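Reviewing the structure listed below.
Please read these numbers as outputs of a predicted model, since none were measured by experiment.
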2 protein chains.
Amino acid sequence: MNQHPAHKPDYEKELRRAGVRITRPRKIILRILTETDDHPDAMEIFQRATIIDPSISLSTVYRTMKLLEEMGAIHRHAFEGGRARFEQADGEHHDHLIDMDTGDVIEFHSDRIEKLQEEIARSLGYDIVHHRLELYGRKRRKT
Amino acid sequence: MNQHPAHKPDYEKELRRAGVRITRPRKIILRILTETDDHPDAMEIFQRATIIDPSISLSTVYRTMKLLEEMGAIHRHAFEGGRARFEQADGEHHDHLIDMDTGDVIEFHSDRIEKLQEEIARSLGYDIVHHRLELYGRKRRKT
DNA sequence: AATGCAATTGCAAATCGTTTGCAATAAAAA
DNA sequence: TTTTTATTGCAAACGATTTGCAATTGCATT
Ligand SMILES: [Mn+2]
Ligand SMILES: [Mn+2]
Ligand SMILES: [Zn+2]
Ligand SMILES: [Zn+2]
């Protein structure tokens, strides 16, 4: 379903290597994360997981997200409104355009913007560790 | 202390015009907002207000911030970590560089980035309503 | 396969920032 | 001044996330 032939990260291997146990909940959550193309929040992940195994708890979802984030396997986004949303950290860096009507998240990338950010930070005497660029908009009205 | 000779907005007048009562707490909060140059959070505003009038409550600070935000008098920022931070909405649009070590917020503006954002949104079929660009970085180590 | 034990879990309770219901208070209209 | 009504302070509620803890489970060991 995904056109990118890219890296299919083997998280279970990574986890093992980090000395972390491969448990049933973790397996399920990882599968959900690798199979989705969107940016689900913890509750969404929890609900999808519940379908597979109704005994999973929301706490475990949160704990697993934190674990994966610390391992660098996922990114956490704090878009406007409520909950944090997550996505796999494989693939290229990109920023997000959020459709204010539907909540859809569209990914984009601009080398020129990235460059300009670097220049600005440098001119202010800083090194960028990370950044956040979010565009909030609506579908153009066809007049 | 501020080099900008710019607009000194008369919020009390604006509030009156909007049919809102000029109360003691509101006066104090407005004064704090116009006198500061940084991006304080509600608790910070509350503490500064408490010095002037110890009877002010945190709820009132929150309520006033919401009111001012809805009037377009202030901007609310959700930088990383904890609380929302606020600033007057007068002055030109700008984005922020956050010093990860000190928490300092440095303002900057790039016409070129703003333009590029527009182009990107347009090419995706969207109109931007607003956006958020935050750089998180550290002071460059002088090697 | 059975054992032992530390890592992980589910649950409930706690936490944090923010919001809200309500009775008391204070703007501003009369 | 009196009346009207918005605003306040307080405590309790809120939603997202985290945590303590006893029970369970992965998995290294026999
Ligand atoms: Mn993304
Ligand atoms: Mn600012
Ligand atoms: Zn970027
Ligand atoms: Zn901008």
Assess whether salt bridge (Lys or Arg N to Asp or Glu O under 4.0 Å) is satisfied between B:D53 and B:R24, documenting all intermediate values. CA-CA 9 Å; B:D53 176 354; B:R24 195 166 146 63; 3.1 Å; yes

Taking CZ in B:R76 as the centre, count heavy atoms belonging to other residues, nucleotides or ligands within less than 6.0 Å. Is the count above 12? yes

B:I22 CD1 to D:dT7 C1', in whole Å, measures 12 Å

For B:F86 and C:dT18, what is the distance between atoms CZ and P respectively, to the nearest whole Å? 6 Å

Side-chain N or O of B:Y62 less than 4.0 angstrom from OP1 or OP2 on C:dT18? yes

Pick the nucleotide of DNA chain C nearest each of A:G19 and B:R83; which residue has the one closer to the 5' end? A:G19

Closest to the B:L58 side chain, choosing from C:dG10, D:dT17, C:dT18: C:dT18

Counting just side-chain N and O atoms, does B:R26 come under 4.0 Å of either OP1 or OP2 of D:dT8? yes

Checking only heavy atoms, does the side chain of B:S59 share a donor-acceptor pair with the base of C:dT20 at less than 3.5 Å? yes

Quick check for you: to the nearest 0.5 Å, what is the distance between A:I113 atom CD1 and B:E119 atom CD? 9.0 Å

For the side chain of A:S55, counting heavy atoms from C-beta on, which of D:dA16, C:dG10, D:dT8 is nearest? C:dG10

With a 4.0 Å heavy-atom cut-off, tell me which residues in residues 65-76 of chain A come close to DNA chain D, sorted by residue number. A:K66

Tell me: NZ of B:K27 to P of D:dT8, nearest whole Å? 12 Å

Within this structure, what is the CZ-to-P distance between A:R63 and C:dG10, rounded to whole angstrom? 8 Å

Using side chain to side chain donor-acceptor pair (under 3.5 Å), reason through B:T36 and B:R48 one step at a time and then give a plain yes or no. CA-CA 11 Å; B:T36 191; B:R48 296 184 198 176; 3.1 Å; yes

Got A:H109 and A:D111 here, is their nearest side-chain heavy-atom distance under 4.5 Å? yes

Roughly how far, to the nearest 0.5 Å, is the NE2 atom of A:H39 from the CD atom of A:Q88? 10.5 Å

Ignoring backbone atoms, test whether A:T23 places a side-chain nitrogen or oxygen under 4.0 Å from the OP1 or OP2 oxygen of D:dT25. no

Rounded to whole Å, the CE-P distance (B:M43 to C:dT15) equals 15 Å

Which side-chain N or O atoms in residues 15-23 of chain B pair as donor and acceptor under 3.5 Å with protein atoms at least two apart or in another chain?
from: B:T23; atom 1: OG1; to: B:R26; atom 2: N; distance (Å): 3.3

Does B:S57 make a side-chain N or O approach to OP1 or OP2 of D:dT8 shorter than 4.0 Å? no

Rounded off to whole Å, could you give me the CZ-to-P distance for the A:R24 and C:dG10 pair? 10 Å

Quick check: any donor-acceptor pair below 3.5 Å linking the side-chain of B:R21 to the base of D:dT5? yes

In whole Å, what is the span from the CD1 atom of B:I56 to the P atom of D:dT7? 15 Å

Whole angstroms only, please: what is the CG-P distance between A:D53 and D:dT24? 15 Å

